[in-house]
There are 2 protein chains.
Amino acid sequence: MNLTELKAIQLAELFSALSDASRVRIISQLIEGEMSVSALAEGLKMSESAVSHQLRGLRQMRLVRARKDGRQVFYSLDDDHVAKLYSMGLDHVEHG
Amino acid sequence: MNLTELKAIQLAELFSALSDASRVRIISQLIEGEMSVSALAEGLKMSESAVSHQLRGLRQMRLVRARKDGRQVFYSLDDDHVAKLYSMGLDHVEHG
DNA sequence: ATAATATATGAACGATTGCTCAACTATTCA
DNA sequence: TGAATAGTTGAGCAATCGTTCATATATTAT
């Protein structure tokens, strides 16, 4: 089965979403449920700016969804595929 | 479930293997079966050097295995987990 | 021996990434 | 209204990445 260049790029972009430890930790938090930017930043000991920058990328890839409530913005996973990829990867890292 | 920093890094490294279109295409070729460096290079229209550099990374992550036969080196997937991640990602890109 | 072939490797380069910092918008509170 | 809070954004910078190019190593053929 021959992979088109477009699909290769799309696949690479998808996996890029989980190719950084900060983003992996963000995803792992969001698997527990939606969370505000500042809660994520505090829990992960990252600056709010850094978290926000990463969330923007995840949002653009439609892996994460934003819900605004007052002055807070709550993020959650937009797609259970990501959670599945995550848990499959974790399984590989832990056993195997 | 709290993710340790080590596991976050290991997960990120695993997904990094598929975070580049060239590597995705290499993996997609190797799913079909083992292949020499020059065959990969020709099929993917990449230089042998570029392919070799990428294969080294994949080898170091133990996602790919090398078998030397004469002056050729045949590469194959070392781990069916990668193929599973790949096809799961492809599924997400194609549908969903 | 020499030449040719297959692959690996290091240096160097531009491109991309992930962060910080400062400035900005939007919302709430007093 | 003005101050405080939550988040976003752009510029800038160091670090990393993926490639090319030249060179090196290993194997085979002559």
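Throughout, a chain's letter reflects where its sequence line sits, starting with A, and its residues are numbered from 1. Quick caveat: nothing in here was measured; it's all calculated off a predicted structure.
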Query - Side-chain heavy atoms of A:Asp91 within contact of B:His81, under 4.5 Å - result: yes
Query - Those residues of residues 34-56 of chain A lying under 4.0 Å from DNA chain D by at least one heavy atom - result: A:Ser36, A:Val37, A:Ser38, A:Glu48, A:Ser49, A:Ser52, A:His53, A:Arg56
**Report entry** Whole-Å gap separating C1' (C:dG18) and CD1 (B:Ile9)
**Finding:** 14 Å
Query raised in the report: Below 4.5 Å, heavy atoms only, C-beta onward: do A:Gln54 and A:Asp20 meet side chain to side chain?
Result: yes
Query raised in the report: Rounded to the Å, how far apart are A:Arg67 CZ and D:dT8 P?
Result: 14 Å
Report task. Evaluate the side-chain proximity of A:Met35 to A:Leu30: yes if any heavy-atom separation is below 4.5 Å, no if none is. Result -> yes
Requested in this report: Look at atom CZ of B:Arg62 and say whether more than 12 heavy atoms of other residues, nucleotides or ligands are closer to it than 6.0 Å.
Outcome: no
Query raised in the report: Does A:Ser22 place a side-chain N or O at less than 4.0 Å from the phosphate oxygens OP1/OP2 of C:dG18?
Result: no
Requested in this report: Please report, rounded to the nearest Å, how far the P atom of C:dA15 is from the CG atom of B:Asp20.
Outcome: 16 Å
Query raised in the report: Just checking B:Tyr75: base, sugar-phosphate only, or nothing, at a heavy-atom cut-off of under 4.0 Å?
Result: sugar-phosphate
Query - Length of the CD-P vector between B:Gln60 and D:dT16, whole Å - result: 15 Å
Requested in this report: Round to a whole Å and report the spacing from CD of A:Gln72 to C1' of D:dT8.
Outcome: 15 Å
Query raised in the report: Side chains of A:Arg67 and A:Tyr75: does their closest heavy-atom pair fall under 4.5 Å?
Result: no
Query raised in the report: Does B:Arg25 come within less than 4.0 Å of A:Glu5, counting only side-chain N to carboxylate O?
Result: yes
Query raised in the report: Using 30° and 60° as the class limits, which term best fits the ring planes of B:Phe15 and A:Phe15: parallel, tilted or perpendicular?
Result: parallel
Report task. Would you please confirm or rule out a distance under 4.0 Å between OP1 or OP2 of C:dT9 and any side-chain N or O of B:Arg59? Result -> yes
All N/O contacts under 3.5 Å from nucleotides 27-30 of chain D to the protein, with atom names and distances to one decimal?
| unit_1 | atom_1 | unit_2 | atom_2 | d |
| --- | --- | --- | --- | --- |
| D:dT27 | O2 | B:Arg71 | NH1 | 3.4 |

Requested in this report: Look at the side-chain heavy atoms of Ile, Leu, Val, Met, Phe, Trp and Tyr, link any pair under 4.5 Å apart, and say whether A:Met88 and B:Val93 land in one connected group.
Outcome: yes
**Report entry** Heavy-atom side-chain contact between A:Ile31 and A:Val82 under 4.5 Å
**Finding:** no
